[in-house]
Amino acid sequence: MLYSEKVMDHFRNPRNVGSIENADGVGEVGNAKCGDIMKIYLKIDDNVVTDVKFETFGCGSAIASSSMATEMIKGKPLNEVMELTNKAVVQALDGLPAHKLHCSVLAEEAVKSALKDYYDKNGIAYDPKQFPDLSCESCH
Ligand code: FES
């Protein structure tokens, strides 16, 4: 079977779908090659992600990855959210086929760009190196 049961589960029954009004941080990223787009909304209180929602216009692996990523960062302090990697998402999904790994990268980037948005909006200093290449200029 190409996809793990966890991938199928998160694809068929994605968690945290939707948007958050007045979100504290919003991140939108796109994959230039496949054209898929992912948007993540964060609600942040006291340096903790208290709520998270996502909208993904993309393939099943992108949907499963964003669903899993939101589950992984919900209730977590921002320093742990910052450490989320696409590898961790893939592991939590019990793997993705090699040609679908880039879909999980989209999830990591969307989360980080939402975090960056929160920092920017609140004038919180950060090391720009923590957010490499998140500009989504090419897809606007
Ligand atoms: Fe585009 Fe999966 S094929 S994100």
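We're numbering straight along the sequence, starting at 1. Numbering of ligands and ligand atoms starts at 1, following listing order. FYI, side chains are in, hydrogens and waters are out, and symmetry mates aren't considered; it's all heavy atoms of this structure.
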Check: If you count the non-hydrogen atoms of other residues, nucleotides and ligands that lie under 6.0 Å from CZ in F11, is the total more than 12?
Finding: no
Margin query: Is it true that Y126 and D120 share a donor-acceptor pair across their side chains at a distance under 3.5 Å?
Written below: yes
Next item on the list: Would you tell me whether N16 and T70 have side-chain atoms, one donor and one acceptor, within less than 3.5 Å of each other?
Entry: yes
Next item on the list: For atom 2 (Fe) of ligand 1, report each protein N, O or S atom nearer than 2.8 Å, sorted by chain and then by residue number.
Entry: C59 SG, C103 SG
Next item on the list: With sequence neighbours left out, write down each residue that passes side chain to side chain donor-acceptor pair (under 3.5 Å) with R15, or none if nothing qualifies.
Entry: D9
Could you pull out every donor-acceptor pair under 3.5 Å between side chains of residues 43-50 and any protein atom, sequence neighbours left out?
unit_1	atom_1	unit_2	atom_2	d
K43	NZ	N22	O	3.1
D45	OD2	T50	OG1	3.2
T50	OG1	K43	O	3.2

Margin query: Under the rule for salt bridge (charged side-chain N to carboxylate O under 4.0 Å, His left out), what residues qualify as partners of K87, not counting sequence neighbours?
Written below: none
